[in-house]
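Remarks on the structure that follows.
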Amino acid sequence: REDRDMHYTLTSTEFCHTPGIVRWAQNGARFKRDRPKMVKVFTEGYGLPKAAAEKLLDGDCTINDNDGTVSVTVEN
């Protein structure tokens with residue numbers, strides 16, 4: 001199997017501003033008891049694989065905010 005970077009697009013709605021959710025969740029993930037809940041936001045709410053959600057929360061990926069749409073690139 002060839003390892004390659006994975007790209008994800010997380011969109012906003014008029015009720016949910018995704019860049020703000022990312023910042024909020026990254027802050028919340030610093031607390032051990034809250035981390036599983038923050039992972040769940042992205043696995044269940046945005047459909048990210050668990051490993052990608054964890055890298056997003058840790059800042060171990062490339063994140064671009066393009067007018068409310070967040071592009072995430074996770075290196076393998």
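Owing to the predicted nature of the structure, the values given are computational and were not obtained by experimental measurement.
Looking at V22, L10, T9, V70 one by one, the single match for side chain to side chain contact (heavy atoms under 4.5 Å, CB included) with Y46 turns out to be L10.
A donor-acceptor pair is defined here as one N or O able to donate and one able to accept, closer than 3.5 Å; such a pair exists between the side chain of Q26 and the backbone of L56. Distance alone, capped at 3.5 Å, places no donor-acceptor pair between the T69 side chain and the T11 backbone. The backbone N or O of K50 lies less than 3.5 Å from no partner atom in the side chain of T43, so there is not a single donor-acceptor pair.
Distance NZ/K40 to CG/D34: 13.0 Å, rounded to 0.5 Å. Here the CZ atom belonging to R4 is positioned 6.0 Å from the CE atom belonging to M6, to the nearest 0.5 angstrom. With rounding to the nearest 0.5 Å, the separation of OG1 in T73 from CG in N64 is 7.0 Å. In this structure, T62 OG1 and E75 CD are separated by 6.0 Å, a value rounded to the nearest 0.5 Å.
Side-chain polar atoms of H17 and S12 form no donor-acceptor pair below 3.5 angstrom.
Of all the heavy atoms in C61 and K55, the pair that sits closest is SG-O, 3.9 Å.
Residues E54 and F42 fail the side-chain proximity criterion, which asks for heavy atoms closer than 4.5 Å.
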Step-by-step side chain to side chain contact (heavy atoms under 4.5 Å, CB included) determination, S71 to N66: CA-CA 8 Å; S71 299; N66 188 15; 5.5 Å; no
